[in-house]
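Each remark here refers to the structure printed beneath this line.
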Amino acid sequence: MTATQYIRLYDFFKQQLHIEDDAKTKIFIEEVEKIVEDRFDKEKENFVQKSEIEKVDFKIDLLRQEMKTGFAEARSDSKSDINKLIIWIVTTGIAIVGLLLAFLKF
């Protein structure tokens with residue numbers, strides 16, 4: 001805890017809790033600081049290291065690249081499928097028109 005933080009806590013507790021004795025205020029602040037440090041020591045095992053975060057970021061970037069290429073391939077495949085479907089519809093339509101004209105001539 002920095003000196004500024006200590007002074008702010010000291011003033012806050014002295015004003016808010018109306019503790020007139022300076023020694024009691026200092027003891028109270030020390031106890032609060034001890035509680036915070038104990039809690040931090042318990043919880044710091046759950047913190048993630050920076051190297052692990054960088055590994056996850058790298059994997060996410062790889063996944064994004066794979067998704068971009070996969071989507072691009074899917075788009076090109078769907079475009080070629082649509083083109084094939086359009087050609088099939090047009091040729092079928094021409095064949096039907098030809099059949100209708102042949103029936104009309106008879």
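Below, each value reflects all heavy atoms present in this structure, side chains not excepted, and no hydrogens, waters or symmetry copies. Model, not experiment: these values are computed from the prediction.
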Checklist entry - Just how far is it from atom CD of Glu52 to atom CD of Glu54, taken to the nearest 0.5 Å? => result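 Those atoms lie 10.5 Å apart.
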Can you give the donor-acceptor pairs under 3.5 Å from side chains of residues 57-70 to other protein atoms, not counting sequence neighbours?
{"unit_1": "Thr69", "atom_1": "OG1", "unit_2": "Gln65", "atom_2": "O", "d": "3.4"}
{"unit_1": "Thr69", "atom_1": "OG1", "unit_2": "Glu66", "atom_2": "O", "d": "2.8"}

Next on the checklist: With a sphere of 6.0 Å drawn around CZ of Phe47, does it hold more than 12 non-hydrogen atoms of other residues, nucleotides or ligands?
Outcome noted: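 It does: Phe47 CZ has more than 12 such atoms within range.
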Checklist entry - CD of Gln49: more than 12 outside heavy atoms within 6.0 angstrom? => result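 For Gln49, atom CD is not crowded (no more than 12 foreign heavy atoms under 6.0 Å).
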Got a list of side-chain donor-acceptor pairs under 3.5 Å for residues 82-106, not counting sequence neighbours?
{"unit_1": "Asn83", "atom_1": "ND2", "unit_2": "Lys79", "atom_2": "O", "d": "3.4"}
{"unit_1": "Thr91", "atom_1": "OG1", "unit_2": "Ile87", "atom_2": "O", "d": "3.0"}
{"unit_1": "Thr91", "atom_1": "OG1", "unit_2": "Trp88", "atom_2": "O", "d": "3.0"}
{"unit_1": "Thr92", "atom_1": "OG1", "unit_2": "Trp88", "atom_2": "O", "d": "2.7"}

Item to check | By salt bridge (Lys or Arg N to Asp or Glu O under 4.0 Å) - contacts of Arg75 (at least two apart) | outcome: none
